[in-house]
Amino acid sequence: MVLLSPSKLLASATLLSPFAQTVWALWPIPSSLETGTTALMLSSSFSIDVAVPNVPSDLLQAVAQTQSYLRNDELGRLVVGRGADDSYAIQNANPLSSLKLTLTEGSQVGSISSEAVKPLGTRSEEYNLVIPQDGSQATLTANSTLGLYRGLTTFTQLWYYYEGVIYTLLSPIKIVDEPAYPYRGFALDTARNYFPVTDLTRTLDAMSWVKLNMFHWHITDSQSFPLQVSLYPELANNGAYSPQEVYTESDVQYIVSYAAARGIDVLLEIDTPGHTAIIGTSYPDYVACFDASPWATYANEPPAGQLRFAVPEVVNFTASLLSSVAQTLESKYFSTGGDELNTNCYVNDSVTQQQLNQTGMTLNAALDTFTQATHGALIAQGKTPVVWEEMVLNWNLTLSNETIVMVWISSADAAAVVEKGFRIVQAPSNYFYLDCGAGEWIGDDPTGNSWCDPFKTWSESYTFDPLANLTETQYPLVLGGEQLLWTEQSGPQNLDSIVWPRAASSAEIFWSAKQPGGAPLNVSEALPRLQDIRYRMVQRGVNAIQLQPQWCALRPHACDLNA
């Protein structure tokens, strides 16, 4: 809900500007944007005035972070000469001495961290930024500290650097901005391969720069269980790749708090009952077809093994495990997964079949009982369960109406899920899977390709329509979406280059949804801006991959197909 009530602003005036080749480093593009044609520079004594009572410490940290980015980005404008032609305009530019941060009258003062983990749809992320051309004080107003943080992020993207001067050519600037969707995420699998905490915090930083607000952490899987759980220490002791490749409870708390201070909620996922073979190293009686061969008969990828969800002892264990982890997290959401169950595994598992015969239950009914128990334990902790689409489309389960469903197999499945009344997160593999296109990783298959070929370019992802094939009455069920990296072929060595700047494409889809003037998002218009944020990421230490030769980056649209 928009609580600010500014007058309607004009769409960007870039096309009217003599600096028409100027590329804003604005990503995602704001809802409403008005720019001028006057140069403005930051004063050497530029300061940020926080006119907020009882200022939360994380807002002060965000201000310090903003000042650091302004001082250290040193991003030259992406034109030939990198700003050399701006010298005259800079010499005559007024200096901007300060930016004032205020909350709208009547707003409650809470920390960024507390605002970031509120229920989806109740987080106030909108802001209003005004930068005069005469050097008088700029103002940033919002209804929450989280909104102020989003505005500070935009403010840092407005400035370029040339020979010691930090400047913009587009003042005055007026921005009124708010997200189109409440869920804007990135998912990372840290079970196929382990990622040190520093990689995760760097990723969270990059997410915050493009206003992503949900880190979907797929922390365990069949290959490893790197999560330390105090109630079940044997899971990590036996299931991590090594004692050094473990996320301790303090690591998790650090990552969660680090994320929250950057406006990001952490959605932890412990996938069940599939993708759980590794639990068999600690509880062999709880896992069916554990490490069975040939693995392809019993699982989508090695090793085989799935929880015996029909066994009451396994149900109780899983509910206890999920509950004990969930209660340590601030987020209102917790994912139990539920994808890629291999029924053949259970058909051939004598323990499961004996249990079903004794109780007279079907496999489907047993899964329903398991899910009600595990979800019930989470709901008792105040959490909303999140599941993959199979739990709705492939199994006749009794799920809470509040359950959130991630659509991943195909974008075409969204309509079937919302038809059942569930809220969805758009995560379709045919648009948003970042691991696709790298070739087969399974051994002894020299001609194989990845199952989700081809490679998903940023531009292909950028064409995704979150509302395709839905009726207008169903639109509110779309919470947003995320891009995902499954890490069979990724590790710390290539994390940045696989993810960035591609994951920024969905950040704009779900923040902006359209251009400021109301026109649809457009790949040709977007590319120069994405180039800019990519270069800024590199300046800040993220090894984002090149989108084009630098010759093209310095000449916006010169390398377009029909240029």
Side-chain angles (χ1 to χ4, degrees), residues 10-31 33-35 37 75-86 154 157-158 160 162 168-170 180 206 209-210 411 430-434 436-437 453-466 468 483 496-539 542-563:
L10 298 174
S12 168
T14 305
L15 296 180
L16 304 178
S17 169
F19 305 102
Q21 292 79 21
T22 294
V23 177
W24 320 307
L26 291 185
W27 194 284
I29 194 75
S31 309
L33 173 64
E34 181 180 320
T35 60
T37 61
L75 177 65
R77 202 154 64 85
L78 292 188
V79 293
V80 176
R82 302 305 300 271
D85 292 342
D86 302 335
T154 298
Q157 295 178 355
L158 289 166
Y160 295 99
Y162 185 75
T168 180
L169 298 176
L170 297 176
W209 301 335
V210 292
S411 56
N430 53 323
Y431 282 92
F432 286 165
Y433 271 30
L434 296 166
C436 301
D453 273 359
F455 182 90
K456 312 306 179 195
T457 64
W458 79 266
S459 52
E460 175 66 15
S461 300
Y462 194 73
T463 65
F464 178 70
D465 178 2
Q483 282 173 274
D496 290 4
S497 60
I498 290 289
V499 176
W500 304 111
R502 281 195 295 160
S505 60
S506 61
E508 183 153 287
I509 291 170
F510 295 108
W511 177 280
S512 309
K514 58 182 186 248
Q515 296 184 56
L521 296 177
N522 176 278
V523 168
S524 181
E525 183 282 327
L527 176 56
R529 291 187 294 104
L530 188 60
Q531 290 273 29
D532 215 306
I533 199 64
R534 178 261 161 193
Y535 273 73
R536 199 173 291 273
M537 285 181 171
V538 171
Q539 293 293 99
V542 171
N543 291 318
I545 199 169
Q546 288 86 347
L547 295 171
Q548 291 179 311
Q550 185 162 308
W551 189 93
C552 304
L554 300 183
R555 296 165 177 82
H557 303 299
C559 296
D560 288 359
L561 180 62
N562 296 310

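Numbers here are sequence positions counted from 1.
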*What residues, two or more places apart in sequence or in another chain, satisfy side-chain hydrogen bond (donor to acceptor under 3.5 Å, both in side chains) together with S497?*
none
*Is it true that atom CG of D453 has more than 12 heavy atoms of other residues, nucleotides or ligands lying nearer than 6.0 Å?*
yes
*Rounded to the nearest 0.5 Å, how far does CD of Q548 lie from CG of L554?*
10.5 Å
*Which heavy atom of Q483 sits nearest a heavy atom of S506, and at what distance?*
OE1-OG, 2.7 Å
*Check V210 against I533 and note the closest heavy-atom contact, atom names and distance.*
CG1-CG1, 4.2 Å
*List the steps and the verdict of side-chain contact (heavy atoms from CB on, under 4.5 Å) for L547 and L530.*
CA-CA 9 Å; L547 295 171; L530 188 60; 3.8 Å; yes
*What's the spacing between I498 CD1 and I545 CD1 if we round to 0.5 Å?*
7.0 Å
*M537 versus W500, closest heavy-atom pair with distance*: CE-CE3, 3.6 Å
_Pairs meeting criterion salt bridge (charged side-chain N to carboxylate O under 4.0 Å, His left out) with involvement of residues 544-560, two or more places apart_ = none
_If you compare all heavy atoms of S505 against all heavy atoms of W27, which two are closest, and at what distance to 0.1 Å?_
CA-CZ2, 4.1 Å
*asked:* Is there a side-chain contact between Y431 and E460 in this structure, where contact means two heavy atoms from C-beta onward sitting under 4.5 Å apart?
replied: yes
_Check: Q531 side chain, L78 main-chain N or O, donor-acceptor pair, under 3.5 Å_ = no
_Could you check whether any side-chain N or O of Q515 sits under 3.5 Å from a backbone N or O of L521, counting only pairs where one atom can act as donor and the other as acceptor?_
no
_Heavy-atom closest contact (P28 atom, S512 atom, distance)_ = CB-OG, 3.4 Å
_Measuring only between side-chain heavy atoms, which start at C-beta, is Y535 closer than 4.5 Å to L75?_
yes
*Taking R77 for the side chain and R82 for the main chain, is one N or O donor matched with an acceptor at less than 3.5 Å?*
no
*Partners meeting ring-ring contact (aromatic ring centres under 6.0 Å, His included) with W458 (sequence neighbours left out)*: Y462
*Main-chain N/O of L170 paired to T35 side chain as donor or acceptor, under 3.5 Å*: no
*Which atom pair, heavy atoms only, marks the closest approach of S461 to F432?*
O-CE2, 3.7 Å
*Any side-chain heavy-atom pair from D86 and Y162 closer than 4.5 angstrom?*
no
*Indicate the ring-plane relationship of F464 and F510, choosing parallel, tilted or perpendicular according to the 30° and 60° boundaries.*
tilted
*State the CG-CG distance between N522 and L527, to the nearest 0.5 angstrom.*
10.5 Å
*What residue pairs, at least two apart or across chains, pass salt bridge (charged side-chain N to carboxylate O under 4.0 Å, His left out) with a residue in residues 499-521?*
E508-R529
*Listed partners of Q546 passing side chain to side chain contact (heavy atoms under 4.5 Å, CB included), at least two apart*: R534
*asked:* Once side-chain hydrogen bond (donor to acceptor under 3.5 Å, both in side chains) is applied, do any residues pair with T154, and if so which ones, sequence neighbours excluded?
replied: Y127, K211
